[in-house]
2 protein chains.
Amino acid sequence: MPPDSEKTPARLENRLLAALPTRDRRLILSRSEPVELRRGEVISEPGERIRNAYFPTDCFLSLVTPPADHSGLEVRLVGNEGMIGTPLILGVEITQIRTFVQGAGPAWRLSSEGFHEALRQSEALEARLHCYLDVLMNQCTQLLACTRFHLVEARLARWLLMSQDRAHSDHFHVTHEILALLLGVRRVGVTKAASALQARELIHYRRGEITVLNRAGLQGTACGCYGAAEALYEQVLG
Amino acid sequence: MPPDSEKTPARLENRLLAALPTRDRRLILSRSEPVELRRGEVISEPGERIRNAYFPTDCFLSLVTPPADHSGLEVRLVGNEGMIGTPLILGVEITQIRTFVQGAGPAWRLSSEGFHEALRQSEALEARLHCYLDVLMNQCTQLLACTRFHLVEARLARWLLMSQDRAHSDHFHVTHEILALLLGVRRVGVTKAASALQARELIHYRRGEITVLNRAGLQGTACGCYGAAEALYEQVLG
DNA sequence: CAGCGTCTGTTCGCTAACACACAAAGCCAT
DNA sequence: ATGGCTTTGTGTGTTAGCGAACAGACGCTG
């Protein structure tokens, strides 16, 4: 279902938690506190210890490999369908990637200790997060092929669609510069692809403010990876 | 340590299992049977149910996204440092990728039921496999950047080194055609890169038989991803 | 030893994306 | 309103890798 034109005012839930039995959901929410994440806020850097887990409710974040011998590359976009701090599920407390906030908004936060307690006490939570991990691994291999074979314009269209889903709005903030970092291409490449999309009236943008005008058109331009990744999630966790 | 010039005759163990306490190792080995995998043998296809888990002892396998709108692409190379059937660790019984044998040799095989029993009864096994999963996820993101940014010649050199490690020999079988499928490039691209390496006397090949002549030289040509991926494994599981 | 399939080498034209450099336009603050 | 910063647009030349097609070399098998 395509999001409404305006941000839905209704309170959003995190989809990993919403599907749990009431008891289990209470168990984890009782250990959580609501926080507001600001755009650009950095949640983790490679090599750091993971202090908190986050369950986004109406915000979304990018996980990227930081610029090293290359320019940087997004490996995952997480909204209220996922969580931040997945290594904790496996008992690992060190992250290898940078996480930063793409779209500002509320999330549940709990300490790694609190998360572990909840995980030990709720089999339903553990089972669901295990399924989530499997989806992530498969989405990662999909992203691998996508990044290798598909053109920048298609990959950009895909990113915009995913972002629209996670923003729950057809409007969100992101500059060409940032997109270049996420897609692993030059900023100029983004400008070229984006203006092509704008020329076809699929999107409109202006100084970092992007609006999706024609979602169906974007889907036609995006590679099949868009639908495939979402379908996999729905099939396992939906 | 570089492998010997000839295949080591000593019986190899699977490194995930070898590090377990004796009790736990017995637990899982008692449910396993030794099998010989033949080169080219297909272990799984996308969408299939996972019937068995495998712990390679002296063989190695490729996991690939099958050719779809593109040519195919290797997502993982597994030898006696890993296992086949990782979704089972998360309680998932469906695979999304093709698995086939790259280098023939012995492995332990056990049914998915047997694997689950062992997993339930051995916390040490579960903990170790969880760590393995975390390593895999990180290696996948690394592969993503590598595939995006590095040149074919460097990626080929990396693959040869990884393959040499897993073959425990400086000689193994693989054609340019297969390599093209694994690296996600045209066969011609492999031929070009491989002849460059051969011209510099780093390798020798002839009709699918490849020999590594100068490992240090190959390492110089390969991208840093080679060392990084191995180091991550050693750090967590070594 | 004839024949066929497999494997490797080479060529030609093409294009997506690169690197570098600079211009213009919008927005904010002093 | 002016100067400075951020964001977007454009232009030139280069390159790695693509697609398609073909030729030679090796090795097995009948």
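Any value given below was found using the heavy atoms of this structure, including those in side chains, with hydrogens, waters and symmetry copies removed.
Nucleotide D/dC26 holds its C1' atom 13 Å from the NE2 atom of B/His204, rounded to whole Å. In this structure, the NZ atom of A/Lys192 is 10 Å from the P atom of C/dC18, given to the nearest Å. Between B/Glu177 atom CD and C/dG9 atom C1' there is a gap of 14 Å when expressed in whole angstrom units. Rounded to whole Å, atom P of D/dA25 lies 21 Å from atom CD of B/Glu209. We find that CZ of A/Arg207 is positioned 12 Å from C1' of D/dG4, with the value rounded to whole Å. A straight line from CG of A/Leu181 to P of D/dT6 spans 16 Å, rounded to a whole angstrom. Spacing between atom NE2 of B/His150 and atom P of C/dA17 amounts to 18 Å, rounded to whole angstrom units. Between B/Leu151 atom CG and D/dC18 atom P there is a gap of 12 Å when expressed in whole angstrom units.
A close approach under 4.0 Å does occur between a side-chain nitrogen or oxygen of A/Arg186 and OP1 or OP2 of C/dC18. The side chain of A/Tyr205 places no N or O atom within less than 4.0 Å of a non-bridging phosphate oxygen (OP1 or OP2) of C/dG26.
Ring geometry for B/His70 against A/Phe149 counts as parallel: the plane angle stays under 30°, on a 0 to 90° scale with 60° as the upper cut. Relative ring orientation between A/Phe60 and A/Phe172 is described as perpendicular, the plane-to-plane angle rising above 60° on a 0-90° scale split at 30° and 60°.
Among the heavy atoms of the strands, none lies under 4.0 Å from B/Gly189.
No donor-acceptor distance shorter than 3.5 angstrom exists from the side chain of A/Ser44 to the backbone of A/Ile50, with no hydrogens or angles considered.
Mapping A/Thr175 and A/Phe149 onto DNA chain D via the closest heavy atom, the residue that lands nearer the 5' end is A/Thr175. Taking the nucleotide of DNA chain D with the nearest heavy atom to each of A/Val188 and A/Arg148, the more 5' of the two is matched to A/Val188. Position along DNA chain C of the nearest nucleotide to A/Val152 versus B/Ala194 favours B/Ala194 as the more 5'-ward residue.
The 12-atom threshold is exceeded at CD of A/Glu45, counting heavy atoms of other residues, nucleotides or ligands nearer than 6.0 Å.
At a threshold of 4.0 Å, the pair A/Glu234-A/Arg15 counts as salt-bridged, since one of the basic side-chain nitrogens sits closer than that to a carboxylate oxygen.
Listed nucleotides: D/dG27, C/dT8, D/dA16. Nearest to the side chain of B/Thr191: C/dT8. Closest approach to the A/Arg187 side chain among D/dG17, D/dT8, D/dC26 is made by D/dT8 (side chain taken as heavy atoms from C-beta onward).
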